[in-house]
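A short worksheet on the structure shown next.
In this text the structure is predicted, and so the values were computed from the model without any measurement.
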Amino acid sequence: MNTLIYNARMALRDVMEVNIYTQGNDKVYLTVFPDLIWEGTEETHTEKVVHGIVERLHDMDLALAGGDDDIRTLVNSGVVEIVRKVA
């Protein structure tokens with residue numbers, strides 16, 4: 001298993017609202033399922049969950065390839081790429 005997907009899964013191991021996967025090309029993708037966020041249905045809460053996901057990724061030296069633009073994509077259930085943080 002490539003270390004990027006392993007690190008992403010370890011960073012988000014307690015977050016059930018995400019799907020982390022690869023298509024076998026050394027790229028790792030992330031989607032968020034807002035329907036599974038059960039502590040309220042307001043979009044602001046979904047954004048808080050997404051920001052928490054991004055913080056967990058940063059703790060493992062990972063980031064979203066599209067930066068802050070990818071946060072809106074995740075809130076809207078889109079797919080984003082996870083990359084290693086650039087030093």
Side-chain angles (χ1 to χ4, degrees):
M1 180 186 308
N2 98 31
T3 59
L4 184 59
I5 195 168
Y6 175 80
N7 289 344
R9 286 184 175 159
M10 287 292 90
L12 302 174
R13 66 185 171 273
D14 297 330
V15 181
M16 69 176 211
E17 299 92 354
V18 298
N19 182 29
I20 303 165
Y21 63 95
T22 183
Q23 295 176 337
N25 57 2
D26 289 335
K27 292 186 178 185
V28 176
Y29 301 97
L30 169 71
T31 56
V32 174
F33 304 110
D35 295 340
L36 295 179
I37 299 173
W38 55 271
E39 291 181 12
T41 57
E42 296 180 20
E43 185 173 314
T44 55
H45 183 72
T46 301
E47 287 179 6
K48 285 176 21 183
V49 169
V50 169
H51 282 287
I53 289 167
V54 172
E55 287 175 16
R56 286 174 176 237
L57 291 172
H58 286 175
D59 289 345
M60 293 290 286
D61 292 327
L62 302 172
L64 303 178
D68 289 341
D69 292 337
D70 278 352
I71 291 173
R72 175 65 34 206
T73 302
L74 283 175
V75 169
N76 293 323
S77 302
V79 177
V80 298
E81 183 182 348
I82 298 173
V83 295
R84 287 181 178 80
K85 261 202 258 186
V86 179

>> Distance check, rounded to the nearest 0.5 Å: L4 atom CG versus M60 atom CE?
In response: 10.0 Å

> Hey, any chance I82 and M10 share a hydrophobic cluster, counting ILVMFWY side chains that come within less than 4.5 Å of each other, even indirectly?
Replying inline: yes

>> As an exercise, state the distance from CD of E17 to CG of L12, rounded to the nearest 0.5 Å.
In response: 10.0 Å

> Where the side chain of N76 meets the backbone of G78, is there a donor-acceptor pair that is under 3.5 Å apart?
Replying inline: no

>> When you group the ILVMFWY residues by side-chain heavy-atom contacts below 4.5 Å and let the links chain together, are I71 and V80 in the same group?
In response: yes

> In Å, rounded to the nearest 0.5 Å, how long is the span from CD1 of I5 to CG of L62?
Replying inline: 11.5 Å

> Do R72 and E47 have side chains that get closer than 4.5 Å, going by heavy atoms?
Replying inline: yes

>> Tell me whether M16 shares a hydrophobic cluster with Y21, the cluster being built from Ile, Leu, Val, Met, Phe, Trp, Tyr side chains joined at under 4.5 Å.
In response: no

>> Using 0.5 Å steps for rounding, measure from the OH atom of Y29 to the CD1 atom of I20.
In response: 14.5 Å

> Closest heavy-atom contact between A63 and K85?
Replying inline: CB-CG, 3.8 Å

> Looking at side-chain heavy atoms only, is the closest gap between R9 and V28 below 4.5 Å?
Replying inline: no

> Say you draw a straight line from CG of L74 to OG1 of T31; how long is it, rounded to the nearest 0.5 Å?
Replying inline: 8.0 Å

> Is there a path from V15 to V79 through hydrophobic residues (I, L, V, M, F, W, Y) whose side chains come within less than 4.5 Å of each other?
Replying inline: no

>> Show the nearest heavy-atom pair for residues L57 and L30, with the distance to one decimal.
In response: CD1-CD2, 4.2 Å

>> For D68, I'd like to know if atom CG has over 12 heavy atoms of other residues, nucleotides or ligands within 6.0 Å.
In response: no

